[in-house]
Number of protein chains: 2
Amino acid sequence: MSNFKMADIAKMAGVSKATVSRVLSGHKYVSPEIRKRVLDVVLDTGYKPNLIARSLIKSESHTIGFIVPSNDDEVIATLIRQVEHNLIEEGYRITICLTGYNRDKEQKFLDDLLQSNIDGLIVLTSRENTSLYQDVSVPVIMLDQYISGGAVTITTDNYYGGYLAGKRLVKNGCKNIFVVTTSSPDVAASERLSGFSQALSEVRLSYETVQCKSQLRHCEKALIKTLAIKKVDGVFATSDLFAAFTNKILEQQGLRVPEDVSIIGYGNTTISDITRPSLTTISQNIETFSQTIMDYLLAGIHKKPMKKRFIILPIEMIEKESTQ
Amino acid sequence: MSNFKMADIAKMAGVSKATVSRVLSGHKYVSPEIRKRVLDVVLDTGYKPNLIARSLIKSESHTIGFIVPSNDDEVIATLIRQVEHNLIEEGYRITICLTGYNRDKEQKFLDDLLQSNIDGLIVLTSRENTSLYQDVSVPVIMLDQYISGGAVTITTDNYYGGYLAGKRLVKNGCKNIFVVTTSSPDVAASERLSGFSQALSEVRLSYETVQCKSQLRHCEKALIKTLAIKKVDGVFATSDLFAAFTNKILEQQGLRVPEDVSIIGYGNTTISDITRPSLTTISQNIETFSQTIMDYLLAGIHKKPMKKRFIILPIEMIEKESTQ
DNA sequence: TTGTAAGCGTTATCAG
DNA sequence: CTGATAACGCTTACAA
């Protein structure tokens, strides 16, 4: 990294700072000779402009804040990766803010970002915390849930995903159904459950709920406890990880999947392919998800008119071995 | 977000900008009355100082760049999460840069960060790309490998981890050993293999190598191909994910784990607990890893003297069901 | 087409 | 203790 400043380059090239600035910003109205002279010095010195200074005067930072509960979920990690990839192409970078659903933390992150001239925000949070984003001065993409105010909501069709899963278990003739889900205020999971519920209630079925705390051993306990008092022949888990773990526990208990129990997970992640049997699951197209986020985020940043402020992306069920 | 600037606050409180600045920076030498007067206005208006302006004059940004190939590995995702958590406590935030081992991308990330007054850098990269970091103007924590220049290297004992795995398979009497590893230039994996090799060569054993590209189905092909020509009774995978997948394929081929084949993974991740059988694995203490990174990073930022510039953290083998 | 000078919103310096 | 005034490193009217 060179320690040259624009003034140094200007002096060395025998021009003014303004001219150097124009050359570097690809401004027109610079004579070829002078452009070359400046560029030569820039190359010689390895000069790189200070982006903070530029940021201060332009009130932008080419930085997008990405606020999420965690990166431990494979789907979220993939989304982060994909969004980062797409944003880079457009000249932005991302600052990751992991909130753990903690409102104070989230508030602090938000303030910090807003004080740093960020250009936009992508947010995944709980229902309670949406209020933080109702009146923010930069474009906000709110994931998975509606929020009043100016934000654009983008979500995959979690309700329908859950609904499809429900229909599938019903089709398999399952009567004793477990739902394995998180205890976090995860809006996607709760939408999935609503859809699932709907599918079951259409044939007058209900289900047992097994809640998993972050630690899998708690999940194991809860599952075994419920198994002690209820039979099971069908499972819907709100994530592939839960599905995979449930699959293991069930087989440890002497139940065979899919012969005795059908299992459906969510996410179509790597995990759904490394279990035996592989897991039937609901797939969201992460590339499309990311691309849509990008499109609306950039539209917001460039103040382009938007037709919609609420976008629902389709999902599909991927049949694997756990529901045969 | 308020749109007030320091000058506004100063005017409203009837003092100078300098005084407002002093109050907000918690400077001493401000009379109680004036302090209160300013603070009242600040609270009333919801004023928050612009961090970019502060950053410009102080030549720091309270931002740490975290350069890694990807976030799809569970160990790395956990490390990112932990480091982020620790850094927040210290008033820093992180910008994530996912390189995919692409040198150009990495170079661009680096330049961009350096042009933005970042305070420090945490880097996980390939051997070839270390040269990018040999002469960087901010503290660099290089993960998993040594690098000449001023950077501090922090690594877990990958070599010994591999060695332990090798010893364990030998102890189980394995003679036909497979190693399943990545085809990426992953320095940790290659260290693990060195250690593993050493353990085997001490008893004059060798092994077959199965290379996995990012897509698991390629891995499956490679594995089946090798199985067609070689017997196997022991497997060492350089990640739990590979181990889990291998476990699945082997059982599909009619081999029982651990009766016919012993498997050892790496990372002690969630994956190692959701397979049947659960996977014996090598565990790195991520909290300690993260804390060590933090300590040295902050020491570097605050220009404190450091006793060591090369830190190796211990690992341990966690015996689960796949090697019994 | 180029240079001069005035910002961007803070903090640092130096009188008072 | 407080207030002008000059940085920080760049962009951008406005002039020339």
Side-chain angles (χ1 to χ4, degrees), chain A residues 1-39 41-42 45-63 111-119 137, chain B residues 1-39 41-42 45-63 111-119 137:
Chain A
M1 202 54 193
S2 64
N3 279 322
F4 292 102
K5 297 150 193 197
M6 194 174 269
D8 301 326
I9 307 301
K11 192 169 294 174
M12 294 170 80
V15 297
S16 72
K17 285 191 297 174
T19 299
V20 177
S21 174
R22 287 186 191 112
V23 171
L24 261 47
S25 330
H27 222 284
K28 36 197 173 183
Y29 303 134
V30 187
S31 72
E33 314 96 82
I34 292 219
R35 156 161 284 125
K36 182 176 183 335
R37 187 135 52 93
V38 170
L39 249 29
V41 177
V42 168
T45 53
Y47 167 75
K48 299 271 168 55
N50 181 307
L51 298 177
I52 295 291
R54 180 176 291 174
S55 187
L56 179 58
I57 197 165
K58 302 193 78 163
S59 296
E60 59 179 39
S61 60
H62 282 248
T63 299
D111 287 346
D112 193 88
L113 291 171
L114 259 17
Q115 292 174 70
S116 302
N117 294 2
I118 67 162
D119 296 339
S137 56
Chain B
M1 203 53 191
S2 63
N3 278 322
F4 293 102
K5 296 150 193 196
M6 195 174 270
D8 302 326
I9 307 301
K11 194 169 293 176
M12 295 170 79
V15 298
S16 72
K17 287 191 295 175
T19 300
V20 176
S21 175
R22 286 194 271 256
V23 170
L24 262 47
S25 329
H27 222 286
K28 35 197 173 182
Y29 304 134
V30 187
S31 73
E33 313 96 82
I34 292 215
R35 156 162 283 127
K36 181 174 181 343
R37 186 136 52 95
V38 171
L39 249 29
V41 177
V42 168
T45 54
Y47 166 75
K48 299 270 169 55
N50 181 306
L51 298 178
I52 295 291
R54 179 176 292 173
S55 187
L56 179 58
I57 195 162
K58 301 192 76 163
S59 297
E60 59 179 39
S61 60
H62 281 252
T63 299
D111 286 346
D112 194 87
L113 291 171
L114 259 17
Q115 292 174 72
S116 303
N117 294 2
I118 70 164
D119 296 339
S137 55

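The sequence lines fix the lettering, A, B, ..., with proteins before strands; numbering per chain opens at 1.
Heavy atoms of B:V15 sit under 4.0 angstrom from primed sugar atoms or phosphate atoms, though from no base atom. If you check every strand for non-hydrogen atoms under 4.0 Å, A:L51 touches nothing. Across all strands shown, A:I52 has no heavy atoms under 4.0 Å from either base or sugar-phosphate atoms.
Atom CZ of A:R54 is separated from atom P of D:dT12 by 9 Å (rounded to the nearest Å). In this structure, the CG atom of A:N50 is 14 Å from the C1' atom of D:dA7, given to the nearest Å. Between the CG atom of A:D8 and the P atom of D:dC10 there is a distance of 9 Å, given to the nearest Å. In this structure, OH of B:Y29 is placed 13 Å from P of D:dT2, rounded to the nearest angstrom. Between the NZ atom of B:K58 and the C1' atom of C:dT13 there is a distance of 15 Å, given to the nearest Å. One atom, CZ of A:R22, and another, C1' of D:dC14, lie 11 Å apart when rounded to the nearest Å. The distance from atom CD of B:Q115 to atom P of D:dC10 is 10 Å, rounded to the nearest whole Å. Residue A:I9 contributes atom CD1, which lies 17 Å from atom P of C:dT2 at whole-angstrom precision.
Side-chain contact between A:L24 and A:Y47 is present, with at least one heavy-atom pair separated by less than 4.5 Å. Between B:K48 and A:D111 there is a side-chain heavy-atom pair separated by less than 4.5 Å.
Panel note: side chain B:S116, backbone A:I52; no donor-acceptor pair is recorded below 3.5 Å.
At C:dT10, one or more side-chain N or O atoms of B:Y47 fall inside 4.0 Å of OP1 or OP2 (strictly under the cut-off). Residue A:S31 places at least one side-chain N or O closer than 4.0 Å to OP1 or OP2 of C:dT2. The shortest distance between the side-chain N/O atoms of A:K5 and the OP1/OP2 oxygens of D:dG9 is below 4.0 Å. For B:S21, no side-chain nitrogen or oxygen approaches OP1 or OP2 of C:dT10 to under 4.0 Å.
Set against D:dG9, C:dT4, C:dT11, the side chain of A:S16 has C:dT4 as its closest nucleotide. Listed nucleotides C:dT11, D:dG9, C:dG3 differ in distance to B:I57; the shortest reach to its side chain belongs to C:dT11. For A:A18, counting side-chain heavy atoms from C-beta on, the closest listed nucleotide (D:dG9, D:dT2, D:dT12) is D:dT12. With D:dT2, C:dT10, D:dC14 as the candidates, the nucleotide lying closest to the side chain of B:M6 is C:dT10. Taking every side-chain heavy atom of B:L56 into account, C:dG9 is the closest of C:dA12, D:dC10, C:dG9. Across D:dC10, C:dT11, D:dT2, the shortest atom-to-atom separation from the side chain of B:T19 is found for D:dT2.
Under the side chain to side chain contact (heavy atoms under 4.5 Å, CB included) rule, A:V23 has a single partner from A:L39, A:V42, A:V15, A:V41, which is A:L39.
Considering all non-hydrogen atoms of both residues, A:A13 and A:R37 come closest at O-NH1, 2.6 Å.
Side-chain N/O atoms of B:K17 and base N/O atoms of C:dT10 include a donor-acceptor pair closer than 3.5 Å.
The structure places CG of B:N50 at 8.0 Å from CD of A:Q115, a figure rounded to the nearest 0.5 Å.
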